[in-house]
Each structure stands twice: as structure tokens, then as C-alpha cells.
2 protein chains.
Amino acid sequence: MTEAVVAKDGHPFDEAVALDPVAEGVHTGHTHPAYTNMVGPFGGVTAAVLMRAVLADPRLLGEVLSLTVNYAAAVAEGPFEVTATPVRTNRSTQHWTVALTQGGAPVTTATVVTGLRRPTWSDSEAPMPAVPRADDVPVRPMPDFVAWARNYEMRYLEGPLPDADTGAHADSTTTLWVREQPSRTLDVPALAALCDVFYPRILRRKGTFVPAGTVSLTTYFHAPAETVRAQGNRPLLGTAKAGVFGGGYFDQSARLWSADGDLLASSHQLVYFKE
Amino acid sequence: MTEAVVAKDGHPFDEAVALDPVAEGVHTGHTHPAYTNMVGPFGGVTAAVLMRAVLADPRLLGEVLSLTVNYAAAVAEGPFEVTATPVRTNRSTQHWTVALTQGGAPVTTATVVTGLRRPTWSDSEAPMPAVPRADDVPVRPMPDFVAWARNYEMRYLEGPLPDADTGAHADSTTTLWVREQPSRTLDVPALAALCDVFYPRILRRKGTFVPAGTVSLTTYFHAPAETVRAQGNRPLLGTAKAGVFGGGYFDQSARLWSADGDLLASSHQLVYFKE
């Protein structure tokens with residue numbers, strides 16, 4: 001039996017992803033009012049909760065390499081149960097299936113690949129864009145009705161959330177400096193959540209509010225947990241852009257770099273929209 | 001009980017993805033010698049098999065929007081069982097978990113999101129690159145020891161598979177025209193397989209052979225099945241590029257456009273490599 005994963009320092013993120021062990025592979029948790037979104041909680045925090053169920057499991061091999069979360073339904077305010085199953089353990093990788101249920105009904109499903117990292121040749125074809133320093137970019141708060149966004153300090157370099165006066169835009173790119181608020185030492189679950197801070201790209205294109213929600217989210221984690229922690233509470237540089245829109249769906253991809261210029265995560269999602 | 005999904009016209013692809021129903025949500029299949037890779041079958045054909053288990057299920061709602069396949073172990077030559085479970089069915093989307101087992105042991109896991117497409121505003125931020133017509137580009141066969149590649153006609157515009165004389169290269173991009181060989185009318189499972197025809201990007205960078213294999217693959221399907229079929233047997237334009245390499249893993253992303261210039265699929269994968 002693993003120890004309870006409890007809030008470390010009272011930070012809302014640690015509270016939101018806190019899990020209590022119930023049985024092997026089973027934890028309970030509770031939605032957190034600080035991470036409420038339009039419908040259900042912020043998808044990033046749900047992704048982090050599912051990942052934590054794996055990280056808290058004593059059967060875990062290695063670090064999280066890949067996470068796919070499928071948002072089957074909105075998580076209702078209240079308690080939930082997370083079941084994590086290591087379906088296959090190899091010498092250097094381990095494959096997990098994870099499900100978040102409420103009242104016995106599946107609400108979110110996930111697969112997680114964990115594994116050992118070995119020293120190898122390394123190189124990046126995704127260098128950090130040249131941008132002004134975070135300190136030189138003003139913080140722009142999200143509107144008050146988006147509760148979860150208050151937990152993130154966002155400094156937009158391009159593509160801020162549109163307001164009533166914003167027109168349509170031909171390119172969906174948003175680039176920003178972002179960190180948790182209040183500031184907090186980065187860890188891999190927080191990084192998983194940060195991959196989802198980019199508002200739906202359809203809003204940028206339309207220059208107005210459009211109902212939209214993530215259907216499926218996949219994130220690849222490129223850096224060891226130690227490198228992630230070494231980021232401390234410094235802002236990350238993130239950028240997100242859509243691929244194609246049509247039939248009620250679009251895809252968007254995001255990258256997050258550390259303040260030191262390391263690509264920490266690449267994230268892709270399929271998003272549902274209505275118009 | 002659904003009808004057996006059998007080979008339509010004796011094409012090796014149809015034979016490789018043929019499934020026999022055993023019980024609700026359970027099919028059996030068999031590896032096909034024409035799709036053998038270095039270790040186990042071509043990952044693309046395994047992805048297509050898992051998708052077909054969903055498409056063959058009478059409980060199916062809509063079309064495949066998103067597919068994530070986790071390659072937990074090499075599929076051994078021989079029979080396998082595929083179990084597909086619709087864990088949640090909403091008004092317009094449906095969430096599936098799928099597992100391929102051999103001798104009761106999980107070998108490959110997947111999640112699939114299916115759903116209805118609705119007429120909406122559409123636009124692409126991923127236009128097809130301007131390239132010479134397929135007819136003007138020579139076919140370049142893969143080496144003989146890669147059995148599966150004989151099923152694909154590849155016309156490289158950049159980044160062909162390196163051989164003994166190829167040096168390291170600073171950029172991992174491969175762009176090619178590709179279609180099934182012998183030619184065959186495109187369908188969504190074949191498209192899923194085609195997303196994985198790009199050899200591992202580490203080979204392009206190193207200019208030599210490096211053991212590598214997909215750990216997790218996610219593909220988003222942007223076009224209705226009807227648009228996919230309308231492609232007929234014309235070549236698709238595909239391009240693939242890596243993100244970052246390190247710790248024994250890298251990510252690569254690919255896009256496939258129809259001959260008419262429609263983006264049919266976006267695909268991302270995390271790949272293990274050894275050096």
C-alpha cells in the first residue's frame with residue numbers, strides 16, 4: 001500500500017491532485033473549486049490527477065514518458081475514484097491504463113507509458129523561439145469567470161485571449177510565458193497541467209468566444225523529473241497552434257520550454273467546437 | 001453479433017486486418033507475413049487492426065476521430081485476440097478502450113474516440129507543401145529485409161532512408177508521395193497504417209541504422225470516411241519531422257494530405273532508440 005499523496009504546502013495545485021489510496025491501484029480524490037472551468041474542471045488538472053495515480057503507485061517503473069487522456073464526460077463537482085493498472089512491465093518501459101470514475105461510471109480514461117531514461121545522443125529540432133524575457137512582458141489575467149486560470153500567471157507574447165473587440169485572426173498561434181500562481185516548484189504533474197493552459201485555438205481564429213472542449217490530449221515528456229524540478233518556479237515558454245478545423249473538431253499542438261531553453265514537453269489535442 | 005470482417009479483394013492489407021468475431025467486443029486475428037518488421041509486425045498495421053475492432057463493432061457511434069496505440073510488447077507471429085470496449089457513449093462522441101492480447105497477455109493497448117462530424121466552419125493552418133507531382137518523382141523501394149515496406153509505393157521528395165554512404169543530417173524531415181502497393185482504394189484503417197510509414201527520424205539524423213521502435217502513437221483523423229474513400233488509389237503526400245531526441249527517446253510528428261490537398265490525418269509518436 002502506498003502512502004497518501006497529500007498537499008505539500010497548501011498550494012491549490014497540490015490540493016487538487018491529492019489522492020488517497022484505497023486499494024492496490026485505486027485512489028480517491030475530489031474536485032477542487034480553484035480549478036473549475038466552464039463545464040467541469042480544467043482538463044489540465046484532470047490530466048495531472050490521472051498521472052499522479054501512476055506516480056503514486058509502488059509498482060511504478062521509471063518516469064512518465066507519454067500520457068494520453070480522453071475526456072469522455074465532464075467531471076462532476078465532488079469525489080472521484082482513479083484506478084491505475086500496469087498492464088505490461090518490460091525491462092525499461094511500463095504501460096498503464098487509467099480510469100477516473102464517478103459513481104462507478106467512467107468519466108475520463110488515460111494511458112500512460114513510463115520508463116527509464118538512459119544517457120544517449122540528444123538534440124532538438126524544436127529550439128525555443130527568441131522572445132523578450134518574461135520580466136519584460138506584462139501579466140495579462142484571464143477573465144474572472146474562468147476560475148482555473150487564476151492559478152496561472154500568463155504573459156502573452158502573441159495571441160492573447162480575444163475579447164469583445166477582437167476580430168478574426170488568420171493564424172491561431174499563441175506564445176506566452178507561464179507559471180503557476182502562487183509560484184510553486186515545477187514537477188511533472190504540474191507540467192502535464194501546464195500543457196493545457198492554451199485556450200482553444202478556435203477562439204483565436206474567430207476572435208470571439210466559441211464553446212469548445214478537449215476530446216483527447218496526448219503529451220510527451222522529454223526531460224527527466226530532475227530537470228523539471230530544476231526549473232524551480234521560473235516561467236516556462238509555451239506556444240500552441242492549430243492544424244485543421246472542420247466537422248466540429250480541430251487539432252492543436254503545443255510545446256513548453258524551460259527557462260533554460262530545454263524542451264520539456266510536446267502536447268497535442270483534439271478539440272470539439274460548436275458554432 | 002457482427003459479421004466477420006474478411007478480406008475484400010485479397011489485398012494483403014485486407015488480409016492483415018481481417019478479424020473474426022468471437023463474442024461482443026471480441027475478435028480474433030492473425031499476424032500476416034507481408035507486414036513483418038524488424039521485431040514483430042509493422043506498427044501501422046497493428047494500429048489498423050485495433051481500429052478495425054472498433055469499426056466492426058455494432059455498438060459503434062460515428063467515425064474514428066482519434067486513435068492512440070501503445071506498443072507494450074512486440075506482437076508475436078501467430079494468432080491474437082482484440083477486445084474493444086465502449087466505455088462511454090455520449091450524444092455525439094464515444095470513447096473506447098482496446099487491447100490486443102496473445103495467450104492472455106496484453107501486447108498492445110489503445111484508446112479510440114469516435115464521433116459524429118457536423119458541418120461547421122473549416123480551415124487549415126497546415127497547407128500541403130508545394131512539391132512536384134507524384135508521377136514526376138521516382139519510386140524508391142525500401143531495402144528487401146523490411147518486408148512490410150513492399151506494401152507501400154514510396155516516392156521520396158526529401159529524406160529517403162539512409163544507406164551505408166549517407167552521412168548525418170541536421171534536419172530529420174522526410175517528405176514523400178505514398179500509396180499502397182498493389183494500389184487499393186484508401187479507407188480509414190489504411191490511412192491509420194500509412195501514418196506510420198515514416199522510418200524512425202533518428203536514422204535520418206544519424207545517417208545510419210539505429211535500433212528504434214514506436215512506444216506510443218496518436219493519430220487524429222480530420223476527414224470524413226467518404227472523403228478518405230474519394231481519394232481512391234491516388235498517392236498521399238506525407239511529411240514527418242522529429243521534435244527532440246534524448247534519454248533514449250524522441251518524438252516525431254507526421255501529416256498526410258490527399259491528392260486533392262486535404263489534410264486527412266495528423267500523427268504523433270514517441271519512439272525508443274538505442275545507440
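Note on naming: letters A, B, ... go to the chains in the order of the sequence lines (proteins, then strands), and numbering restarts at 1 for each one.
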At a heavy-atom separation under 4.5 Å, does [X] approach chain B through its side chain, its backbone, both, or neither?
X	answer
A/N70	both
A/L116	backbone
A/Y272	side chain
A/V113	side chain
A/T68	side chain
A/K274	both
A/S172	both
A/S266	side chain

Quick check for you: among [options], which has the greatest number of heavy-atom pairs under 4.5 Å with chain A?
options	value
B/S216, B/G115, B/A223	B/S216
B/I202, B/L270, B/D171, B/N90	B/L270
B/H222, B/R88, B/H268	B/H268
B/K206, B/R255, B/Q94	B/K206

Intermediate values then yes/no, side chain to side chain contact (heavy atoms under 4.5 Å, CB included), A/V228 and A/F221: CA-CA 10 Å; A/V228 171; A/F221 298 89; over 6 Å; no

[options]: which one forms the most heavy-atom pairs within less than 4.5 Å of chain B?
options	result
A/L263, A/D262, A/D251	A/D251
A/P224, A/A126, A/G243	A/G243
A/S124, A/P127, A/A73, A/A170	A/S124
A/F250, A/Y249, A/Y220	A/Y220

Given A/E158, which of A/T173, A/T239, A/T175 fulfils the side-chain hydrogen bond (donor to acceptor under 3.5 Å, both in side chains) condition?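 Going through the options one by one, the only one that passes is A/T175.
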
Please look at [X] and chain A and tell me whether the side chain, the backbone, both or neither of the residue comes under 4.5 angstrom of a heavy atom of that chain.
X	answer
B/S253	side chain
B/T109	side chain
B/R201	neither
B/D123	both
B/R117	both
B/T93	side chain

Distance in Å, [X] [atom1] paired with [Y] [atom2], rounded so as to fall on 0.5 Å steps:
X	Y	atom1	atom2	value
A/L217	A/L67	CG	CG	6.5 Å
A/Y71	A/L100	OH	CG	10.5 Å
A/L237	A/L256	CG	CG	8.0 Å
B/W96	B/T89	CH2	OG1	7.0 Å

Just checking B/E275: does its CD atom have more than 12 heavy atoms from other residues, nucleotides or ligands closer to it than 6.0 angstrom? yes

Is there side-chain contact between [X] and [Y], with at least one heavy-atom pair below 4.5 Å?
X	Y	value
B/L236	B/L186	yes
B/Q102	B/V75	yes
B/L50	B/V112	no

Nearest heavy atoms of A/P189 and A/L55, plus distance in Å: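 Reported closest heavy-atom pair: CG-CD1, 3.7 Å.
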
Going by the angle between their ring planes, with limits at 30° and 60°, are A/W121 and B/F273 parallel, tilted or perpendicular? perpendicular

Which is it for B/V49 and B/F80 under the side chain to side chain contact (heavy atoms under 4.5 Å, CB included) test, yes or no, and what are the steps along the way? CA-CA 10 Å; B/V49 162; B/F80 53 76; 3.6 Å; yes

